[in-house]
**Student:** 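Supplied in C-alpha cells, the structure appears directly below.
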Amino acid sequence: MKALMLCSLFSLIGAYGQETEKGVAPSSYERCSAVEYNQSLRERGLVTETKEDFENWLAPKIAEYKSRNSGRMMDGTIITIPVVVHVIHNGDPVNTIGNATSENISYDQVISQIDVLNQDYRRILGTPGAGTSGYGLGVDVEIEFCLAQRDPDGNDTDGVNRIDLGQESWTMDEVDSDVKPVTIWDPTNYMNMWSVKFGGADAGILGYAQFPSTSGLGGLNSNGGSANTDGVVSNFNAFGTTAQDDGSFILNGTYNLGRTMTHEVGHWLGLIHIWGDTSNCTDGATSGDYVVDTPASNQANYVCTPVTNCGSNFDMIENYMDYTNDACMDTFTQGQKDRILTVMANSPRRNTLGASNACQPVTVYGFDGSIEMMGYSGCNNSAQIELINTGSTTMTSATIEYDLDGGTTETYVWTGSLAQDEIEMISLPSLTGASVGQHLLTMNLTLINGMPDEDTWDNEDVWQIVVQELNQVTTTTISLTLVPDNYGSETTWEFKKGDGTLIASGGPYTDGDSTPETEVFNVEEENCYTFTIFDAYGDGMCCTYGNGSYELTTDDNTVVVSGGAYAATSESTNIYVNSTMTVEDHNFVASNFSIYPNPAQNGINISVKGSELPENMQIYNMLGQVILDKQIDAQVDLGVDISTLSSGIYFVKLQNAKNSVVLRFVKK
C-alpha cells in the first residue's frame, strides 16, 4: 500500500528556461519518489499492503458510491475539511511586505494557498480552477477547506501554528521523525499541513503527502502510515500563489500558483498519479491510475504542450495529478471525484473530518470548563487532573464524576477560585474497589459553580491505568540494605514520594565490590512512597554474576520487600505508611455520620455513631460559599434550620482537631 506518497515532484536546481522533450523529465528534475519510498517501507516492515491491496478494497466502495449517485454530477453535500498549517522556522521574524526573507511565511501567503485549494476542488467560476481544458471533463469535487478557528484545546486560533524548532532546513526523514510528531494536531479533526524549508539531499523537493489509511477495513490489517505523521508537507516557497502576493510572499519562479498543494492533497485524498506510476499504456478501473475517465498514459508530463504517449488520445496534461507546471492545471475528473468522496466516507482519519467543529468560531460561555488527565500515581492510586476554566465566570467549584470500567460512579467536588483561562492541577481521591491490573478510568466534568457546563465537548477524558499492589506499613522510617553484584556499575535506585518528589537516590556502585550499602529514609504517615531499583543491563542483581540483593524494612525490622533476581531493567515497590490515629480518630469517618431527613425542607439533623462529636460544622453551597459556620458543643448543636435556603444541593463539613468529613444534602 502506498503509505506516504512522497512526491518530491521536481528539483528546482537549474530548472529555469530549460528546453525539454515533451513528456520527458528534465535531467535536473527529480521524479516523484513515491514508488521507491514505499518499497523501502515494505522492506522495513512498516507497510504490508501493496497498491493493489488498497485498490481491491477501494474499488467496490467506489462502485457503491457511483450506484447511489448515478446520473448526478453533484449530490449537494459539501464536505468542509478543517486545516491547520504548521509553519516551521528557526526563530526568524514573520515575513512582511517588502521584507520577505525567511521560511516563516506570512499569514497572507497561507490564506492564498487555502484559496487555491478551494478554487481547484470546488471549480469556482472566474478563477484558474474553472478552466475548460482537460477534455472538458473537469468537475466540482464538492470538497472545501477552511483554516481552523479553534485548536485541540478549544481555544481561539487563526489556523496557523508557528513553531520555532531551532533549525532552518529539514530532510524528509527529519520532518517525519522530528517535526510531525511534536507539532501535529488531532488528525481526526484537522488536515495537518506543514510548511518547511527542505535541505540537504532533499533541498529540491516541493512537497509530499501521506496516503489515506485502510486500517481495520475490508479484512485488511495494514496501515497507511502512522497517525502522528498524517498530513501534507510543502516547501515554504511552493506554498501559496503569486496571484495574491502582497509583497510578503516567498515563492519559486515556476511552481508558484499553489498547485503543489492541490496535487499533494489529491494524494492525501486517495488519488495517484495520472500515469499510474508505470510505463504501461493500460488504464481503467483496475490499472493505470484506476480512474476510467482519464486517458491512458505511461509517463509524467512536465510541460504544457499537448502530447500523445499512448495511442491517439492526448494525455490529460491539465490534470492536477500530472507533473506539468502550475499554470497548466485545472482538472479533476468525475472518476477522481468518486475516489475522493469514497475515501472521505470510509478511510480512518478522513471520515471524521466532515463532522469536526474545528472551523466553528469559539463561543465564550459563562459556565465552561475542561478537564484533562495528566497522570496516574500507582502509589496513591490517584489520577492527576488539569482543571481549566474556559468560561467567563470565575470558577469557584467543579463537580467531577469518575468510574472504573463503567462501575460505581464516584463524585469529587473541587472548590477554590479560577479566573478565565486559569489552570489548576488537582488529584482525585484514591480510587476505591480497584483490583490489581489494568482498568479504564473515565472522568467527566458535570457541574461548574453548581450549574451545568454550557459546552461539554471537552468535559470527558478516558485513560487506561494499571493499578499496582500496595504494601501497607506502620513505621516512621524505611531502611534499605543493598548488596551489589559483580557489576555494581549497572545498579542505581530511587526512593520517591507518591507525588513524584525524589527523596533519595543511589548508585552506580563499583564493579566487583559487594560491600553492603545501607540507607534510612524518614517517612510520614498517610503518605505513599515508591522504591525503584534499576539495572542498566536488564538482568537484575542475582544470580549469574554474583549474589546481589536488596531489602526494605520498617523501624521494627519488618521486611517490606526483598529481591534481586528480576529479569528486567527495573523493579518497583509501592509502600503506604498507615496513620497512627487513636481509636477516636478512626471513628471520625463519613460512615459514622449521616443527615436526616434528606432531602429536607425546613431542617436537618446530624446523626453520630459513637460518643465523639465534631468540634465545628460548616455548610456551603455549590458555589463553594460558606453559608453557616458554627461550633459544636453538644448534640443539640447538630440540628440546623434550613428553611431560608434556596432549593438545591448543599454540603456539610464536620471537623475535629485532626480530621474532617463532608456530607451532602438536598434542600427541597
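Nothing here was measured: the structure is a model prediction, and the numbers come from that model. All residue numbers refer to positions in the sequence shown, counting from 1.
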**Student:** Please verify the inter-ring angle class for H273 with W275; under 30° counts as parallel, over 60° as perpendicular, anything in between as tilted.
**Tutor:**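 H273 vs W275 ring planes: parallel.
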
**Student:** Charged N to carboxylate O under 4.0 angstrom, D293 versus K337?
**Tutor:**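 A salt bridge is absent here (no side-chain N lies under 4.0 Å from a carboxylate O).
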
**Student:** Check the side chains of S226 and N228 for a donor-acceptor pair under 3.5 angstrom, ignoring hydrogens and angles.
**Tutor:**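 Result is yes, a qualifying pair exists.
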
**Student:** Hey, what's the ring geometry for F198 with Y208, parallel, tilted or perpendicular (30° and 60° as the breaks)?
**Tutor:**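 Ring orientation of F198 relative to Y208: tilted.
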
**Student:** What closest approach, in Å, do L271 and Q336 show between heavy atoms, and which atom pair accounts for it?
**Tutor:**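 Residues L271 and Q336, closest heavy atoms: CD2-O, 3.5 Å.
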
**Student:** Apply the test side chain to side chain contact (heavy atoms under 4.5 Å, CB included) to residues F239 and T260: give CA-CA distance (whole Å), side-chain angles for both, the deciding distance (0.1 Å), then the verdict.
**Tutor:** CA-CA 7 Å; F239 198 85; T260 295; over 6 Å; no

**Student:** Assess the side chains of E264 and S234: does a donor N or O sit below 3.5 Å from an acceptor N or O?
**Tutor:**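 E264 vs S234: no donor-acceptor pair found between side chains.
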
**Student:** Search all heavy atoms of L251 against all heavy atoms of Q109 and return the closest pair with its distance.
**Tutor:**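 Heavy-atom minimum between the residues: CD2-NE2, 3.8 Å.
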
**Student:** Are D315 and N309 close enough that a side-chain donor and a side-chain acceptor fall under 3.5 Å?
**Tutor:**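 A pair is found: one side chain offers a donor N or O, the other an acceptor, under 3.5 Å apart.
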
**Student:** Scan side-chain atoms only and decide if Q334 and D338 contain a donor-acceptor pair under the 3.5 Å cut-off.
**Tutor:**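 Q334 vs D338: donor-acceptor pair found between side chains.
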
**Student:** Would you confirm whether Y190, through its side chain, and D151, through its main-chain N or O, come within 3.5 Å as a donor-acceptor pair?
**Tutor:**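 Yes, Y190 side chain to D151 backbone: donor-acceptor pair under 3.5 Å.
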
**Student:** State, without any angle test, whether N189 and T352 hold a side-chain donor-acceptor pair at a distance under 3.5 Å.
**Tutor:**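 Absent: no donor and acceptor within the cut-off.
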
**Student:** Below 30° counts as parallel, above 60° as perpendicular, anything between as tilted: where do the rings of Y320 and F332 land?
**Tutor:**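 Tilted: the ring planes of Y320 and F332 meet at 30° to 60°.
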
**Student:** Ignoring hydrogens and geometry beyond distance, is a side-chain donor-acceptor pair present between T171 and D173 at under 3.5 Å?
**Tutor:**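 Checked: T171/D173 side chains show no N/O donor-acceptor pair below 3.5 Å.
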
**Student:** Side chains of D246 and S248: is there a donor and an acceptor less than 3.5 Å apart?
**Tutor:**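 Looking only at side-chain atoms, S248 and D246 do form a donor-acceptor pair, the distance falling under 3.5 Å.
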
**Student:** Do N95 and S106 have side-chain N/O donor and acceptor atoms under 3.5 Å apart?
**Tutor:**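 The criterion, which ignores hydrogens and geometry beyond distance, is not satisfied for S106 and N95.
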
